[in-house]
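Order of the sequence lines sets the chain letters (A, B, ...), proteins ahead of strands, with each chain counted from 1. Excluded from the calculations below are hydrogen atoms, water molecules and symmetry mates; all remaining heavy atoms, backbone and side chain alike, are included.
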Amino acid sequence: MEQIIMALGWFGVFSPMALGAVGSIIGCARAGQAACGALLETESGHGRFIGVSAMPSSQIIYGIVVMLTLQGSLHADTAPGIFAIGLLAGIALMASGVYQGYCCASAINVSKNKAEIFGISLAPAAVVEGFAVFAFVFALVLVGSLSGGN
Amino acid sequence: MSQVNVYYTLISSLPYLPRYDQVDRLPINRERLRERLKMLEPSDAELIAQIAIFLCWDRQQTACTDAEMIAQYEKMRPFMTQPALAAILGFRMDLITILAALRRRHLGWGAPQGDSPWSVSRLARQIENNWEDPTFKLGAVYSWITPVRDLLVAEETVALDRLIFNLIWDRINHLTSGVDFCLEKLLGYLFKWDVIENWLSYESRAAEIRFAELVQEVTCEHKIDFK
């Protein structure tokens with residue numbers, strides 16, 4: 001039984017990193033494809049399109065930090081909590097990466113013909129990033145309380 | 001997955017299309033557009049090729065018989081499983097059918113005979129049965145029939161064309177709003193591009209007519225002076 005609980009714990013430990021990676025992969029790929037299309041249509045400002053397409057990579061960084069934090073707290077009695085926190089944080093990071101990719105692709109698409117709206121067009125992507133930060137920060141806070149409570 | 005992904009690159013590579021009456025040249029010419037469309041998967045490319053044929057045919061309606069037009073439309077049917085395409089083409093067919101009926105009645109002709117098909121639109125039978133009604137009893141659904149009929153009667157051809165282009169443009173916008181980076185968006189883009197090209201070619205035709213009128217005026221003035 002304890003082995004199953006520990007397996008769930010490890011599942012929770014790796015979830016933020018793995019699911020965050022999935023989100024970043026999909027998000028960066030979509031935004032990157034939009035950036036490649038925009039390169040065909042624009043004469044300058046190529047660097048910023050490629051830069052924006054890398055925005056969804058932050059989710060995997062948050063996932064790595066949460067994973068390392070969870071790993072240090074993994075014991076048989078904290079494993080169920082770590083499973084829940086890790087899995088849900090991972091899902092939040094994955095969704096945020098995927099949808100931030102949509103936002104970045106749209107920002108690239110609309111700003112290629114109207115450079116002056118480039119900044120404001122990134123606002124939706126920044127808002128989505130904000131939700132990823134919430135998931136990241138509160139996962140760390142909860143891990144702290146989980147460790148402290150035991 | 002690859003079919004979905006190609007639309008991110010393709011749609012981002014297409015320039016923004018302003019409203020048709022606010023442009024003085026095509027944002028992207030036919031050759032360049034054709035080059036960009038080579039990114040599509042073969043099945044989607046075949047669909048787009050059929051649409052291109054349909055749009056060419058649609059523009060040359062006067063050179064076709066009703067039977068030829070119906071046959072051409074039937075060729076499009078296998079591709080009409082795409083909802084956005086079915087909705088856009090369905091609207092165009094309804095519009096063309098109502099316009100044809102209004103023009104026919106304006107010329108004093110009778111209702112089309114039911115035994116010889118004259119339209120593939122679902123409205124054909126409704127129009128035949130309500131020929132004497134000013135809006136064929138379709139005014140509640142298509143509020144634009146009355147202004148179109150008024151412009152037709154007044155022979156305001158430019159205003160009529162503008163109204164028709166507005167209807168098509170707004171309908172495409174309505175059907176493709178809220179979607180991005182997908183086939184529906186591309187279809188909307190291509191139909192709007194066609195409207196712009198059509199409008200610009202109309203403008204050039206109008207310029208040719210105006211030029212001919214000016215030449216005529218100048219020629220007449222010279223004749224008067226000469227006398």
Side-chain angles (χ1 to χ4, degrees), chain A residues 21-57 94-95 97-125 127-128, chain B residues 1-41 44-45 48 84 169 172-173 176-193 195-197 200:
Chain A
V22 170
S24 292
I25 289 165
I26 296 172
C28 286
R30 284 177 174 166
Q33 285 186 302
C36 289
L39 299 187
L40 285 172
E41 190 50 34
T42 51
E43 299 297 327
S44 59
H46 297 161
R48 64 184 180 182
F49 293 142
I50 299 298
V52 169
S53 71
M55 265 183 87
S57 57
M94 181 176 70
V98 171
Y99 285 96
Q100 195 175 46
Y102 281 132
C103 294
C104 291
S106 295
I108 290 165
N109 189 32
V110 298
S111 62
K112 69 176 187 285
N113 291 112
K114 207 170 180 183
E116 63 270 26
I117 62 166
F118 179 72
I120 195 73
S121 70
L122 288 176
V127 171
V128 174
Chain B
M1 192 71 176
S2 61
Q3 286 206 348
V4 173
N5 286 344
V6 76
Y7 288 104
Y8 283 85
T9 309
L10 176 56
I11 289 178
S12 293
S13 73
L14 299 173
Y16 171 69
L17 293 182
R19 200 172 172 85
Y20 72 92
D21 52 0
Q22 291 170 2
V23 291
D24 50 8
R25 64 182 181 85
L26 278 169
I28 180 168
N29 64 33
R30 186 179 290 273
E31 285 309 309
R32 185 168 281 198
L33 183 58
R34 193 172 287 155
E35 278 296 315
R36 299 281 160 86
L37 292 175
K38 284 180 181 171
M39 291 182 206
L40 287 170
E41 298 288 320
D44 288 348
I48 299 300
W169 190 275
I172 295 168
N173 271 348
T176 59
S177 63
V179 292
D180 266 325
F181 309 114
C182 59
L183 180 60
E184 284 89 341
K185 191 75 177 176
L186 180 65
L187 291 173
Y189 189 93
L190 295 176
F191 278 105
K192 283 163 88 172
W193 183 89
V195 169
I196 293 176
E197 198 199 29
L200 291 176

Any chance [atom1] of [X] has more than 12 other-residue heavy atoms, nucleotides or ligands included, within less than 6.0 Å?
X	atom1	answer
I117(A)	CD1	yes
R19(B)	CZ	yes
F191(B)	CZ	yes

Given heavy-atom pairs under 4.5 angstrom as the criterion, report whether the side chain, backbone, both or neither of L14(B) touches chain A. backbone

Does T9(B) use its side chain to pair, donor to acceptor, with the backbone of C36(A) at less than 3.5 Å? no

Check: N113(A) side chain, P15(B) main-chain N or O, donor-acceptor pair, under 3.5 Å: no

With rounding to the nearest 0.5 Å, note down the distance linking [atom1] in [X] to [atom2] in [Y].
X	Y	atom1	atom2	result
L40(A)	M39(B)	CG	CE	5.0 Å
F181(B)	N109(A)	CZ	CG	4.5 Å
S12(B)	K112(A)	OG	NZ	5.5 Å
I28(B)	E41(A)	CD1	CD	6.0 Å
Y8(B)	C104(A)	OH	SG	11.0 Å

Using the test salt bridge (charged side-chain N to carboxylate O under 4.0 Å, His left out), find all partners of K192(B) that sit at least two apart in sequence or belong to another chain. none

